[in-house]
Amino acid sequence: MKNGEGNSLRLWPGVAAAVVLCLARFVLPPAAPDLAMFGIIGGVVCALAILLWWLFFSRAPWSERIGAVIFIVVAIWATTLLADVSMRTGMRGMLLPIFGAPLVTLALVAAVVATRRSSATFRRAAVAIAILLVCAGLAMLRTEGIKGSGSELAWRWTKTPEERLLAEPAIAALPPAATPVTTATAAPIAVASEKAQPPASSPPQTELVTAEWPGFRGPQRDSVVRGLRINTDWSAAPPTELWRRPIGPGWSSFAVAGDLLYTQEQRGNDEIVACYKVSTGEPVWSHRDPVRFWESNAGAGPRSTPTLNGSRVFALGATGILNALDSATGRRLWSRNIAADTDKAVPEWGFASSPLVIDNVVVVAAASAMAGYDADTGKPRWQVKGERGSYSSPHQVTVDGVVQVVMLSGAGAVAVDPATGAELWKHPWEPGGSTIVQPAVMVGGDILINGISGTGGHGIRRIAAARSAAGGWNTQERWTSSGLKPYFNDFVVHKGHAYGFDGNILSCIDLEDGKRKWKGGRYGNGQLVLLADQDVLLVLSEDGELALVSATTGGYQEIAKRPALNAKTWNHPVVVRGTLLVRNGEEMAAFKLAALR
């Protein structure tokens with residue numbers, strides 16, 4: 001046969017690369033989630049290998065080789081112009097190349113193999129049609145965000161869960177908050193006047209209920225539930241569903257006081273702080289700000305969790321709106337724009353810090369910066385300019401009898417005086433990326449911080465902070481461990497050990513030396529709380545499943561498991577008085593956990 005005829009082509013290198021590509025990209029990630037990133041990278045590498053085969057080893061005419069590569073580049077470029085905005089911007093603009101390149105090169109191999117005994121003209125037409133079909137398919141998709149190491153895809157013309165919710169007015173309706181009575185902060189995204197009037201008194205209430213779960217991760221912001229023992233035999237006494245309700249998108253958790261819960265969500269062009277009844281899920285009030293945050297990796301909606309303090313609820317929106325609301329009515333008391341206050345642009349994933357209240361100072365993080373506001377008036381008290389990126393929340397600790405606020409960022413950890421913002425100490429650790437999880441405090445005052453790389457958790461470091469003889473502060477690294485690498489999944493400390501997610505798998509490390517005790521169980525990028533009185537982890541998986549796992553050092557042991565939610569779940573679960581509250585970007589639900597008799 002002459003060069004260029006079908007059976008003169010050298011096919012086996014391309015076929016071999018295509019087989020490896022399929023194994024790496026489509027078989028490895030579901031089979032071994034911890035290696036999913038290698039599968040994605042492997043898919044891209046194999047796609048490049050296919051192009052190298054086609055260009056240099058296929059024996060096709062040079063005009064056909066170069067023409068096919070040019071056609072692929074032009075087709076993918078045209079697809080980026082036609083594709084849904086979520087596909088164009090997903091994974092920092094790399095979703096289409098990462099997802100499309102393997103598919104397009106597979107189409108090339110498949111078309112060449114299928115037409116191996118056909119004429120060169122027919123083969124060229126088949127290759128062009130196969131590539132165009134793949135690109136047309138990509139143009140008809142949208143991504144609903146990342147999940148694990150992949151992307152959730154849907155047809156771009158189908159309605160999102162948020163759109164389905166808004167299409168049902170009877171379900172979507174929320175009672176409005178009381179009308180603000182002050183004018184100094186009427187514009188919700190305007191910087192509040194420093195002469196703002198003190199908040200008007202709230203409507204009469206029968207009783208000011210102490211918040212059992214005042215905000216992000218509970219009373220100590222450590223995801224630990226104390227004073228509760230449940231029946232862990234879910235085959236005999238499973239959690240009983242009390243109610244289930246659609247909700248707008250967002251990755252907020254709950255704050256709870258008495259029969260009221262508070263959370264944040266997005267509904268159309270309004271960012272909402274909402275109050276519901278714990279007992280029934282019935283809405284009580286909602287406060288709206290006419291802003292919308294969306295990015296393709298995590299979708300729409302606020303990222304932080306409201307904080308309860310006395311009769312007020314403090315909530316930070318994804319674009320930087322910090323609201324102080326009356327907890328009974330939702331009436332706005334004051335409002336600030338932390339992006340304007342700190343001169344920070346809205347970060348890639350939005351502002352994600354949950355407010356912290358210490359001695360009438362509201363502390364929030366704006367990326368890696370921090371700001372303190374007077375809780376009564378919203379007047380700025382102090383600011384700290386941060387370094388590198390952060391989506392972490394400020395954390396209260398006490399070291400050497402001194403109350404301080406610790407904040408993590410890509411540059412390490414910094415501690416400041418909550419009253420003045422004055423820096424007390426700093427511990428550098430720059431593995432790169434933007435830190436997301438919170439620090440943890442050990443018995444004795446040592447602090448656990450985490451580092452983050454560009455693709456996930458970097459590890460855990462134990463540091464000791466202490467006052468020096470000269471009157472300042474210094475820090476000392478005890479150890480650094482790669483046995484627990486949380487990404488955006490917070491970990492818990494229990495009886496000298498830390499339990500959390502090492503990638504997609506639970507892990508336990510010894511806090512004495514950082515060495516791993518065990519690793520097991522696949523729950524995706526889930527979240528967890530510790531039932532401390534029973535040495536049990538209550539895990540809410542990324543797929544919305546509930547699981548009980550032993551928080552002991554003898555090895556991984558799953559005690560029970562059952563479904564709870566029906567979509568991707570990154571929100572932290574809450575347990576109050578034996579009631580479990582869970583939510584994601586589509587629904588929320590309450591379950592009664594049977595008491596241990």
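The model shown is predicted, which means the values in this text are computed figures rather than measured ones. These values consider heavy atoms only, across backbone and side chains, with no hydrogens, waters or symmetry-generated copies.
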Worksheet entry | Charged N-O contact under 4.0 Å between Arg292 and Asp270 |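 The answer is no: the pair does not qualify as a salt bridge.
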
What's the separation between atom [atom1] in [X] and atom [atom2] in [Y], rounded to the nearest 0.5 Å?
X	Y	atom1	atom2	answer
Ile559	Trp234	CD1	CH2	9.5 Å
Met87	Thr89	CE	OG1	10.0 Å
Leu141	Thr158	CG	OG1	9.5 Å
Tyr276	Ser286	OH	OG	7.5 Å
Leu506	Asn489	CG	CG	9.5 Å

Worksheet item: Is atom NZ of Lys277 surrounded by more than 12 heavy atoms (other residues, nucleotides or ligands) closer than 6.0 Å?
Response: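 Open.
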
Worksheet item: Do the ring planes of Trp155 and Trp157 sit parallel (below 30°), tilted (30 to 60°) or perpendicular (above 60°)?
Response: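 Parallel: the ring planes of Trp155 and Trp157 meet at under 30°.
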
Any donor-acceptor pair under 3.5 Å linking the side-chain atoms of [Y] with those of [X]?
X	Y	result
Glu348	Tyr391	no
Asp490	Ser223	no
Ser335	Asn323	yes
Thr263	Arg583	yes

Worksheet item: Of Phe216, Phe488, Phe254, which meets ring-ring contact (aromatic ring centres under 6.0 Å, His included) against His572?
Response: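 Among Phe216, Phe488, Phe254, the one that satisfies the ring-ring contact (aromatic ring centres under 6.0 Å, His included) with His572 is Phe216.
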
Worksheet item: Testing Tyr487, Trp349, Trp251 for ring-ring contact (aromatic ring centres under 6.0 Å, His included) with Trp570, which one passes?
Response: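 Result for ring-ring contact (aromatic ring centres under 6.0 Å, His included) with Trp570: Trp251.
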
Worksheet item: Can you check side chain to side chain donor-acceptor pair (under 3.5 Å) on Asp502 and Ser507, steps first, answer last?
Response: CA-CA 6 Å; Asp502 184 48; Ser507 180; 5.1 Å; no

What are the two closest non-hydrogen atoms of [X] and [Y], and how far apart are they?
X	Y	result
Pro394	Leu356	O-CD2, 3.8 Å
Arg331	Ala177	N-CB, 4.0 Å
Thr579	Ala590	CG2-CB, 4.3 Å
Arg221	Pro355	NH1-O, 2.9 Å

Discussion item. Using the salt bridge (Lys or Arg N to Asp or Glu O under 4.0 Å) definition, which of the options Arg522, Lys568, Lys561 pairs with Glu545?
Written reply: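 Of the listed residues Arg522, Lys568, Lys561, the salt bridge (Lys or Arg N to Asp or Glu O under 4.0 Å) partner of Glu545 is Lys561.
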
